[in-house]
Amino acid sequence: SILEIASASSKFIVRSTGATASASIDFQPAGGASTSNQNKFTIRAGGLASTLGERLEFLNGNMTNLVTIASKGFVGIGTTTPTNLLSLVSSSSVIYTTANNIEPLLNLRNTNTTDDNGAVLSFTITDTGGTGISGARIASKFISHTVGATSANLNFETINMGTRNIRMTIDPSGNVGIGTTSPDSLLEMSSGITNFIIRSTTAAASASIDFLPAGGASTSNQNKFTIR
């Protein structure tokens, strides 16, 4: 290549000799960076000055921080002070609705268009043999990829005695199934044991179920019924 460095010890050192400057490497497009620094990227160590602590930063042409790796190994995207192994930070004023395209902090995407595939967020447990086991999971099953008719559900899974099962499903129409992956109503519970328990934790109160009309009960509780 145009430059090759080989050594049995440290191969390459970039050191700043200025008290208020940090060592950095600039990546520029052919012809050099424009006056607006378009297409320029920088890897910088230590922030703007040593007082900001040991860290590695990745910046764009506007010197906007894109990614920070702190001295503890914490990684920050959208923040220069990550407090966890991975910190994702956004400052969006866009009001959330199902119709708008608010940018997600985390996007899990499967680009394959085979029906009934999906994307999974896994919480992994390490067993006593040192093997990583996918335990609790949140998974979306992509039922249809048809343009204008995409459909997907959301499954919540847990593992018990080495066997993982879907515990709750929200289907594309919004029906919720507990113990079933194909609920036929707004809420369906299916189990070979007790399906539903209502327990009062207050000594002076009784467990109850209220049945209310559309719009909720009126001030006089008209058309409200209670099983207690």
Side-chain angles (χ1 to χ4, degrees), residues 27-30 38-43 56-62 64-69 73-79 82 84-127 129-192 195:
F27 297 84
Q28 300 184 2
Q38 188 176 6
N39 296 324
K40 170 189 170 184
F41 289 90
T42 299
I43 299 176
L56 192 65
E57 298 176 322
F58 296 80
L59 309 105
N60 63 15
N62 295 323
T64 300
N65 187 290
L66 304 176
V67 180
T68 294
I69 303 176
F74 294 167
V75 177
I77 300 177
T79 176
N84 308 99
L85 197 59
L86 176 62
S87 295
L88 306 177
V89 178
S90 174
S91 178
S92 173
S93 60
V94 178
I95 304 301
Y96 167 77
T97 70
T98 57
N100 66 24
N101 293 319
I102 186 170
E103 294 183 1
L105 279 178
L106 180 64
N107 187 8
L108 305 181
R109 182 179 182 183
N110 184 345
T111 59
N112 185 279
T113 57
T114 302
D115 285 351
D116 292 332
N117 65 359
V120 177
L121 177 63
S122 178
F123 301 86
T124 302
I125 183 173
T126 301
D127 66 17
T131 301
I133 304 295
S134 181
R137 306 196 311 180
I138 301 174
S140 180
K141 180 179 179 180
F142 304 146
I143 298 169
S144 172
H145 294 264
T146 303
V147 175
T150 53
S151 298
N153 69 8
L154 192 63
N155 296 319
F156 296 83
E157 308 172 7
T158 63
I159 192 169
N160 184 38
M161 301 299 292
T163 301
R164 186 172 54 250
N165 286 294
I166 297 174
R167 308 302 181 182
M168 183 172 73
T169 294
I170 304 175
D171 75 8
S173 64
N175 290 342
V176 176
I178 300 176
T180 176
T181 58
S182 53
D184 293 321
S185 61
L186 193 59
L187 175 61
E188 180 177 343
M189 293 177 287
S190 178
S191 173
N195 287 341

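Using a 4.5 Å heavy-atom threshold, the side chains of L108 and V120 count as separate. Contact annotation: the side chain of N160 never approaches that of T158 to less than 4.5 Å [non-hydrogen atoms, C-beta and beyond]. The closest side-chain heavy-atom distance from E103 to S90 is not below 4.5 Å. Within the 4.5 Å cutoff, no side-chain heavy atoms of T169 are placed close to those of K141. Looking only at side-chain heavy atoms (C-beta outward), F27 and I43 come within less than 4.5 Å of each other. Using a 4.5 Å heavy-atom cutoff, the side chains of L66 and I77 are not in contact. Side chains of S144 and T150 form no contact here, defined as non-hydrogen atoms less than 4.5 Å apart.
Between H145 and D115, the closest heavy-atom pair is N-OD1, 3.1 Å. Here the closest non-hydrogen pair linking N110 and F142 is CB-CE1, 3.9 Å. Looking at every heavy atom in both residues, P29 comes nearest to N39 through CD-O, 3.6 Å. Across all their heavy atoms, N153 and P172 have their closest contact at CB-CD, 4.0 Å. Contact between E157 and A139 at its shortest, heavy atoms only, is OE2-CB, 4.0 Å. Minimum heavy-atom separation, T163 to R167: O-NH2, 4.3 Å.
Rounding to the nearest 0.5 angstrom, the gap separating the OG atom in S173 from the CG atom in L186 is 8.5 Å. Interatomic distance, T181 OG1 to M168 CE, rounded to the nearest 0.5 Å: 13.5 Å. Interatomic distance, OG of S191 versus CD1 of I178, reported as 10.5 Å (0.5 Å rounding).
Shown are I166, D171, I138; of these, the side-chain contact (heavy atoms from CB on, under 4.5 Å) with N155 is made only by I166. Checking N117, N112, D116 one by one against T114, the side-chain hydrogen bond (donor to acceptor under 3.5 Å, both in side chains) holds for a single residue, N112.
Side chains of T64 and N62: a donor-acceptor N/O pair is absent below 3.5 angstrom, by distance only.
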request  = Before giving the answer on side-chain contact (heavy atoms from CB on, under 4.5 Å), spell out for F41 and L59 the whole-Å C-alpha distance, their side-chain angles and the decisive distance to 0.1 Å.
outcome  = CA-CA 6 Å; F41 289 90; L59 309 105; over 6 Å; no
request  = List the steps, then state whether side-chain contact (heavy atoms from CB on, under 4.5 Å) holds for R109 with T111.
outcome  = CA-CA 6 Å; R109 182 179 182 183; T111 59; 4.1 Å; yes
task = Check the pair S122 / S134 against side chain to side chain donor-acceptor pair (under 3.5 Å), numbers first and verdict last.
result = CA-CA 6 Å; S122 178; S134 181; 2.6 Å; yes
